[in-house]
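Encoded as structure tokens, the structure appears first; notes follow it.
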Amino acid sequence: MRLPFVNKAVLQGLFVSFFYVIFLIFNDYFHIINLKITDTDFYLDTIKQINKFDKTRLITTPLYVVEITDSDIQKYDLTGYALPKSIINKILYKYEKSDASLLFLDLDISKPSCIESQLFSKGEFELLDILNKSKKRIILPSLDVSPLYKDINNSLISILSVEYLALDDLSVNRYSLGTDAKESVAFSIYQGLTQNDTNLSESKNWTDEKLSNLIIYKEFDKANSYYSGLSKISLSQFLDDNVSYTDAVLMLGRVDKNSHDYFNTPIGVIPGIYINANAVMSMYYYGEIKSYYLLNALMAFLLGQGFSIAYEYLKYKKYVAENKEDFIAGLGIVIFSLLCIVSSYFLLEYYSIWIDYQKVVFVFTVYEAVKILKESKLLKKGKT
């Protein structure tokens, strides 16, 4: 192969890599374009079907989402924003009798059932009595105004943060380890699952911090999640069925249409309790996601160089009509993207490494588009 041929390919690779770095800098400061994590990145249905319920990656402590559905709302007559303390008390009694190890109650129980009331009713005092006498761990969400919390004096009751990090379009895609004052619910449950003081380290040099704490969302297939060890049951199933839930973690929240507890995510609008569950499983199965800037820059260089070599080789060995050049360029980008999707899945699943190919492809596409416009006959005619 001729030396100028190789030099041209290397030069194009350097150009693409340079433009990728420039794009990263500008995009971080000016948000030129929001390249969000899309369904093609993590949620390929075919891959999920192949790998769901992977017994080799099953957690030893089962995790259940106990969801309050529309059917439960009708069955127990649970109208209004604040659920009656009688049903909360019933849930806590059931939990105390079970063999479950932890209950996260993703409900606002911190105020009187009648929001306008300033006084606790018999149900509120009963709830406080249950919480203070509980011999098992319970997590409650941190709230701005919480008069009932002030009277809780049980060290087994934790009041933790349920805050998450969202993109510019308010899509929740990253978990938080907690605020300065409070640990996050998901991180606390994750530590309980690992049964040690395992901590998720801060991102190291040359890694993309925005990708380090991604929530890897996986949907439910009927009662089971594509995460092994994560299942869901309704409130009525939890209260009525005679199941021990040995060593299980229970995460209870509302999924009914009037709960006002739904959020945008990369896989659509889902209940907050699903976000919490996916965040826990993301920490457990993936830990800190590593996306290396240098690796992505190298990928940009290889794309630019490889595309140039392949393209010049085709022109050198075979005659390529000008009207087919754009088609070949587009086909090359599609093939590269598919290779990235497949390789990124395996790198993520087995090494917790994510290659940020979207930005690389975007920069390369713009680069090629500018080249095509620059060399187009229309532009050349306009100059003459």
Side-chain angles (χ1 to χ4, degrees), residues 9-44 47 51 57 165-168 171 173-177 187 190 198-218 266 278-279 281-309 332-333 335-368:
V10 172
L11 189 61
Q12 175 158 307
L14 290 172
F15 269 127
V16 175
S17 184
F18 173 75
F19 289 137
Y20 168 75
V21 173
I22 295 298
F23 173 76
L24 280 180
I25 296 172
F26 273 77
N27 201 46
D28 282 345
Y29 282 98
F30 300 106
H31 302 288
I32 302 169
I33 185 169
N34 180 23
L35 291 176
K36 62 182 180 181
I37 309 302
T38 65
D39 289 1
T40 58
D41 295 338
F42 296 120
Y43 321 113
L44 295 177
I47 293 176
N51 290 278
R57 303 183 70 182
L165 304 174
L167 294 172
D168 295 337
S171 176
N173 78 325
R174 292 192 289 156
Y175 60 79
S176 170
L177 300 183
F187 181 59
Y190 155 76
T198 302
N199 203 341
L200 296 174
S201 61
E202 296 296 327
S203 294
K204 300 175 179 61
N205 292 335
W206 305 107
T207 60
D208 189 345
E209 294 182 5
K210 295 186 293 299
L211 296 174
S212 64
N213 54 348
L214 279 175
I215 300 174
I216 312 301
Y217 286 99
K218 295 191 178 183
N278 274 284
M281 301 306 269
S282 296
M283 293 182 198
Y284 186 87
Y285 280 113
Y286 298 100
E288 182 188 36
I289 307 297
K290 298 174 284 293
S291 182
Y292 299 100
Y293 286 121
L294 288 179
L295 177 62
N296 295 325
L298 175 62
M299 185 171 59
F301 171 79
L302 293 176
L303 173 58
Q305 183 192 47
F307 192 93
S308 179
I309 289 175
I333 292 172
I335 292 173
F336 177 81
S337 298
L338 289 174
L339 288 173
C340 284
I341 290 173
V342 174
S343 59
S344 63
Y345 165 76
F346 286 104
L347 284 172
L348 179 69
E349 286 294 316
Y350 297 104
Y351 302 102
S352 294
I353 294 174
W354 173 245
I355 53 175
D356 192 19
Y357 71 91
Q358 282 182 305
K359 293 187 181 72
V360 172
V361 170
F362 173 78
V363 169
F364 179 74
T365 303
V366 172
Y367 173 78
E368 285 296 319

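In this chain, residues are counted from 1 in sequence order.
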When rounded to the nearest 0.5 angstrom, what distance separates [atom1] in [X] from [atom2] in [Y]?
| X | Y | atom1 | atom2 | answer |
| --- | --- | --- | --- | --- |
| Leu338 | Ser343 | CG | OG | 10.5 Å |
| Leu347 | Ile289 | CG | CD1 | 11.5 Å |
| Ser282 | Tyr217 | OG | OH | 8.0 Å |
| Ile353 | Thr207 | CD1 | OG1 | 11.5 Å |

Taking the side chain as everything from C-beta on, heavy atoms only, tell me whether Val361 gets closer than 4.5 Å to Cys340.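 When only atoms from C-beta onward are counted, Cys340 and Val361 do not touch, as no gap falls below 4.5 Å.
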Do Leu294 and Leu298 have side-chain heavy atoms sitting under 4.5 Å apart?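 When only atoms from C-beta onward are counted, Leu298 and Leu294 do not touch, as no gap falls below 4.5 Å.
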So, Ser17 side chain and Gly13 main chain: donor-acceptor pair closer than 3.5 Å or not?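 Absent.
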If only atom types and distance count, is the side chain of Ser308 paired as donor or acceptor with the main-chain N or O of Gly304 below 3.5 Å?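 Pair absent, no side-chain N/O of Ser308 close to backbone of Gly304.
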For the residue pair [X] and [Y], what are the closest heavy atoms and their distance?
| X | Y | result |
| --- | --- | --- |
| Tyr293 | Tyr20 | O-CE2, 4.4 Å |
| Val16 | Val363 | O-CG1, 4.0 Å |
| Phe301 | Val10 | CE1-O, 3.6 Å |
| Met283 | Tyr175 | CE-CD1, 3.3 Å |
| Ile355 | Met299 | CD1-SD, 4.1 Å |
| Lys290 | Tyr351 | NZ-O, 3.5 Å |

Hey, mind stepping through Asn173 and Leu214 against side-chain contact (heavy atoms from CB on, under 4.5 Å) and telling me if it holds? CA-CA 6 Å; Asn173 78 325; Leu214 279 175; 3.4 Å; yes
side-chain hydrogen bond (donor to acceptor under 3.5 Å, both in side chains) partners of Ser291, counting only residues at least two apart: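 By the side-chain hydrogen bond (donor to acceptor under 3.5 Å, both in side chains) rule, Ser291 matches Asn296.
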Among residues at least two apart in sequence or on other chains, which ones pass side-chain hydrogen bond (donor to acceptor under 3.5 Å, both in side chains) with Tyr286?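 Checked Tyr286 against side-chain hydrogen bond (donor to acceptor under 3.5 Å, both in side chains); matches are Lys218, Glu349.
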Would you say the ring centers of Phe307 and Phe336 fall short of 6.0 Å from each other?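 No, they do not, as the ring centres are separated by 6.0 Å or more.
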Would Phe18 and Leu14 satisfy side-chain contact (heavy atoms from CB on, under 4.5 Å), going step by step from the backbone distance to the final call? CA-CA 6 Å; Phe18 173 75; Leu14 290 172; over 6 Å; no
Please determine whether the number of non-hydrogen atoms from other residues, nucleotides or ligands lying under 6.0 Å from atom OH of Tyr285 exceeds 12.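 For Tyr285, atom OH is crowded (more than 12 foreign heavy atoms under 6.0 Å).
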Residue Tyr284 excluded, over 12 heavy atoms near OH under 6.0 Å: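 Yes.
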